[in-house]
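Below, chain A is the first sequence line, B the second, and so on; all start at residue 1.
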Amino acid sequence: MTIIQEISELLQKGRAKNVKALVQQALDEEMDPIEVLNEGLLSGMMIVGEKFKNNEVFVPEVLVAARAMNAGITILEPKLVEAGNKPIGKAVIGTVEGDLHDIGKNLVIMMFKGAGFEVHDIGTDVAPQTFIDKAEEIGADVVGMSALLTTTMPKMEETINLMKEKGVRDKYIVMIGGAPVTEGFAEQVGADFYTPDAASAAEVAKKAVVVK
Amino acid sequence: MQKYKIKVIEKNKEQEVTGKADQNFLEILRNHDIAINALCNGQGKCGKCKIEILDGVQKGECLACKTYPVEDCRIKIQTLSRETFHILSTGTAAKQHGDKVSAGSNLGIAADIGTTTLVMQLVDIDNGAVMKTYTALNEQGSYGADVISRIEAANNGAAEILKKSISRQLEEGVKELSKSKKAPIKRMVIAANMTMVHLLMGYSCEKLGVYPFTPVNTETIEIDFAALTGTAGESFPVIIIPGICAYVGGDIVAGLVALDFIKCEGVHILIDLGTNGEMAIGNKKKILVTSTAAGPAFEGGNISSGIGSVAGALNKATLTEGKIKYETIMGAPLVGICGSGVVELTHELLKSGLVDETGLMDEAYFDEGYSLDKTVTGSMVKFTQKDVREIQLAKSAIRAGLEMLILRYGVAYEEIEKIYIAGGFGYYLNIKKAVGIGLLPGQYACKIEAAGNSALAGAKCVLTDEAALKEGEQLAAKAEEIQLAADKEFNELYMKNMYFE
């Protein structure tokens, strides 16, 4: 097995320490940091995401894999900047106002990172204006909103309407998700995409920024 | 707008209703006060609102919330029928009440209004004897199985309907209970969760469903029955037991009264494994409460063959030497799997290694699920990989909530004297198996006791003993809430407990 393959395997098993060590070894051997990132870390994370979608692995596995991924990325960071690596897109992700649930949102953030996005986590109980402010500030491509309470879903519509009001709706790909959210609701409120799980969300976002 | 005649056929009756072309069948049924199960409140997600269209171009089974009439037709439905539902009215209360000699003329009603079920009892106020029991499924169920769905429905125009629904059911209960009695009802005491109280009182639910979750009123409510329900008949004073916060209400306070938390020296815990997963820990000095909202998995929701505790629901199972043996409620033919059955199956599959400690099902069953048996209509009742995942989420929420409560209270294992499990699901739960899947902590197994319907028991205490209401008010005032959703430690525990040990 090559180092890159090993990195992917160990990431999938959530072995953060081993991943860190191997990534460092790869750098010491003058391997291309971008290749280590994409073929080693991100591809491993995408495999975990796919398995999560199919219920082959569960939330805790995604969590530990993401931790291993983050550990590896920390080592690569300086070299990636040097090599001029660009994220495939920027995303602002948060849970809507009135809602404190964040586990699902955090899974989406992990998968987005795994897909190569630069992600800004704006937390929970986020007001509509705050989504827009952050998106404008960083020049986001994707704005992702999460809700776990049916009672807070209307905030998604409010945010989208506020974007229209401010004339910035077309600048962003708006994605929504969360247990009570549906495709029908997404259509109703004018979101661009609804996805039922974190892995699909990252996949859809990745395709969408390429088209943009 | 095109209108259609729809003949609605239930087990014991038929009626004809009119529906418009732009109303789906769920809406049409609701408009005619016909209550069918709609766990997810019409979002097309739960699959529980299935009806069968008997003729025409749409003949066959379909989801009522997603199907619209296109012609006159007959449909077969299954209502939330109380004959088949198994509702718990017994409770072991630590408190003894009503020890006077019966005058025979002091009659009262104790009521437990739950999200899923309604139980009312005619009680002799002097000696506390239960003379008659009335049970029913809460017909608000066609607006969703959980409190958030009902809050959402109320905020979107259904508040009046929901108030009328529960008022009508209370009235029916009073009528049934008073039937053969010569003496009038002196008073009624209601134990209910905060959402149920809001809907019954017609309070606005606007602030109830969003952070920071603010109820309109948590205090004791004293109101005249006729004024409360808008009915013309017999009237008497009603006391609604006070609650603590948005998601821990009078039903839990009633349970604390019944279990004598006000007098306890040692630390006790009360867990209501009902629809909302409320818990309380404490004693006469300090009380902490929280709500885990584990989701409907333990009531059959989100489970592919999941069903409420109706006749024919699988509630016991053993898997030995590769052969599965199961039992159903009332020994009726298998129709699905109820909450206790779900715990049993998960335990058995774990024990025999068909599900591993991460929750992954054996390759042989991964795709199709574990098949149990066919129902009388020929569909196979299964337990799937996805079902296991739902159980992991639900049991982890409860387990993590319990551990957080103990952690925040700051008490050692030895100091906890008893863990009471209230609610119907808890009553029939096999504690050993619940511990086996990690729903309840193993080291506390010997301290766990089923308390039955503690809300109803508490309502009876308040009905028969003046001091009990004061105790309830003191307990409610003393209790502090901990919120789990935003708590980093809870999230860690939640993650940690997802696996099976």
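Looking at N55(A), the atoms closer than 4.5 Å to chain B (heavy atoms on both sides) sit in the backbone and in the side chain alike. Contact annotation for I148(B): both backbone and side-chain heavy atoms come within less than 4.5 Å of a heavy atom of chain A. The contact between T150(A) and chain B is made by backbone and side chain atoms together, counting heavy-atom distances below 4.5 Å. Using a 4.5 Å cut-off between heavy atoms, E97(A) does not touch chain B at all. Residue contact with chain A, scored on non-hydrogen atoms closer than 4.5 Å, involves the side chain of K488(B) exclusively. There is no contact between V64(A) and chain B, counting heavy-atom distances below 4.5 Å. Of the atoms belonging to Q483(B), it is side-chain heavy atoms, and not backbone ones, that fall under 4.5 Å from chain A. Using a 4.5 Å cut-off between heavy atoms, Q385(B) contacts chain A through its side chain alone, with no backbone atom that close.
With hydrogens and angles left out, the side-chain atoms of Y68(B) and E27(B) include no donor and acceptor closer than 3.5 Å.
Contact annotation: the side chain of E137(A) never approaches that of V92(A) to less than 4.5 Å [non-hydrogen atoms, C-beta and beyond]. Side-chain contact between D192(A) and Y172(A): absent, with no pair of heavy atoms (C-beta onward) separated by less than 4.5 Å. In this structure, V168(A) and L162(A) have side chains that are not in contact, with every pair of non-hydrogen atoms separated by 4.5 Å or more. Between N193(B) and V147(B) the shortest side-chain heavy-atom distance falls below 4.5 Å.
Looking at E403(B) and R399(B), a side-chain N of the basic residue comes within less than 4.0 Å of a carboxylate O on the acidic one, giving a salt bridge. A salt bridge between E136(A) and K171(A) is present, with a side-chain N of the basic residue lying under 4.0 Å from a carboxylate O of the acidic one.
Among K386(B), R389(B), E152(B), M361(B), the residue making the largest number of heavy-atom pairs under 4.5 Å with chain A is R389(B).
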